[in-house]
There are 2 protein chains.
Amino acid sequence: MDRFVSNFTNRLDAKGRVSIPAPFRAVLARDGFEGLYVHPSLDLKALDAGGNALLSDIDRLLETLSPYSDERDGLATALLGVSEVLKVDSEGRVVLTESLKTYAGVSDQVTFVGQGRKLQIWEPERFRAHLDQARATVRELKRRLEQTTSREPAS
Amino acid sequence: MDRFVSNFTNRLDAKGRVSIPAPFRAVLARDGFEGLYVHPSLDLKALDAGGNALLSDIDRLLETLSPYSDERDGLATALLGVSEVLKVDSEGRVVLTESLKTYAGVSDQVTFVGQGRKLQIWEPERFRAHLDQARATVRELKRRLEQTTSREPAS
DNA sequence: CGGGATGATTTGGGATACCATGGGGCCTTA
DNA sequence: TAAGGCCCCATGGTATCCCAAATCATCCCG
């Protein structure tokens, strides 16, 4: 398994360190990236994190824009300019910078959420709320699908 | 990591010296350039800086314009003509020239912002404002991309 | 089916190294 | 000789490393 799956909640210690969940560390190790690449999500109050896979996604996105264009500069600023490459200690922990914690509203606990090629870092309460809302959206979508197609519910 | 990522704010001392953030120094060292190449940004009240990678980007840009054209001369003047190659002292500090500081509105602090192959130098308050604007622009850009492609959000 | 027991993982803390910053003084240059 | 640039060393604060304790999960045996 080479992608981030499931979610884990860990606490920050007095020095602000958090353990990256072991399953996620395994994915990162296979990815081959030294450290943890983290940046604020563009539209959620959460952090996106990952390794080379995430980096190359960002690179690809930047390459679609012409050099020296405003769009590209803006994107580089909004992504690379506010990113951090966090060092991982020998126990698999990282320390989030102040600005990252502020952005995500993190204080003493964080929830790591698998997203396939990347992972997200949430303040636990916010993640619960986000999850509830996402489920509601999905239920709504499912209901609409069931109305247009005349198939029976898939449970 | 071979690109400029994240941002750091450092202060100028009484002699006008600023430390280049250590992670950026590491990138410059790998790039192999002696010193720090700096020029005013073409359209922002900030400075662009870097090493050989930035230099070769500029070269490539100039080559796209026909030799002896007014455009090329103008661009060469605006980039190369106002560039400085700053010496880096043994502690990794540089001294910005008066004209560079004036252009960027720098007084006693600067923010170094990673942009991948190059970095930018900002007066901290101006950078905050610029970042807000860049994020807004990117959100808009992302919305457009999501409409054209039917892929899932990249966050 | 319950109770340990074993190994992995997370959490904690002290020591250490690195880095941003400040200042002295020499040496060049005008 | 005065000014400025440059090199070197000193210091405080912070991040990193290494070792130890506690927590948790899994597996095995009774």
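In the text below, chain A, chain B and the rest are named by the order of the sequence lines, each starting its count at 1.
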Proximity to the side chain of B/Arg11 - top-ranked nucleotide from C/dG22, C/dT11, C/dC19: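 Minimum distance to the B/Arg11 side chain belongs to C/dG22.
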Given atom [atom1] of [X] and atom [atom2] of [N], what is their separation to the nearest angstrom?
X        : N      : atom1 : atom2 : value
B/Phe24  : C/dC19 : CZ    : P     : 14 Å
A/Phe8   : C/dT10 : CZ    : C1'   : 13 Å
B/Glu98  : D/dG4  : CD    : C1'   : 14 Å
B/Asp13  : C/dC19 : CG    : P     : 18 Å
B/Asn7   : C/dA20 : CG    : P     : 14 Å
A/Phe112 : C/dT9  : CZ    : P     : 15 Å

Rounded (10°) bend between the five-pair end axes of the helix from C/dC1-D/dG30 to C/dA30-D/dT1: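 Both end axes considered, the difference amounts to 20°.
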Salt-bridge contact [X]-[Y] (side-chain N to carboxylate O under 4.0 Å):
X        : Y        : answer
B/Asp57  : B/Lys118 : no
B/Arg3   : A/Asp59  : yes
B/Arg143 : B/Glu140 : yes

Most 5' of A/Arg25 and B/Ala14 on DNA chain C, judged by nearest nucleotide: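 Closest to the 5' end, via its nearest nucleotide, is A/Arg25.
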Position toward the 5' end of DNA chain C (nearest nucleotide), A/Ile20 or B/Pro23: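 Closest to the 5' end, via its nearest nucleotide, is A/Ile20.
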Inter-residue atom distance B/Leu55.CG - B/His39.NE2, 0.5 Å rounding: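 Interatomic distance, B/Leu55 CG to B/His39 NE2, rounded to 0.5 Å: 9.0 Å.
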Modelled atom types, side-chain donor and acceptor of A/Ser83 and B/Ser6, under 3.5 Å: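 Note: A/Ser83 and B/Ser6 side chains miss the donor-acceptor criterion.
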Distance-only donor-acceptor check, side chains A/Thr111 and A/Glu123, under 3.5 Å: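 No, no side-chain donor-acceptor contact under 3.5 Å.
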ILVMFWY cluster membership beyond B/Leu44 - transitive side-chain contacts under 4.5 angstrom: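 A/Val82, B/Val113, B/Trp122, B/Phe127, B/Leu131, listed by chain and number.
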Positive for side chain to side chain donor-acceptor pair (under 3.5 Å) with A/Asp13, one of A/Lys15, A/Arg11, A/Arg17: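 Looking at A/Lys15, A/Arg11, A/Arg17, the match for A/Asp13 under the side chain to side chain donor-acceptor pair (under 3.5 Å) is A/Arg17.
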Per-nucleotide protein contact string for nucleotides 10-26 of chain D (B base, S sugar-phosphate only, - none; heavy atom under 4.0 Å): ------BBBB-------
Test side-chain contact (heavy atoms from CB on, under 4.5 Å) applied to B/Asn7 and B/Phe112, step by step: CA-CA 5 Å; B/Asn7 68 88; B/Phe112 295 82; over 6 Å; no
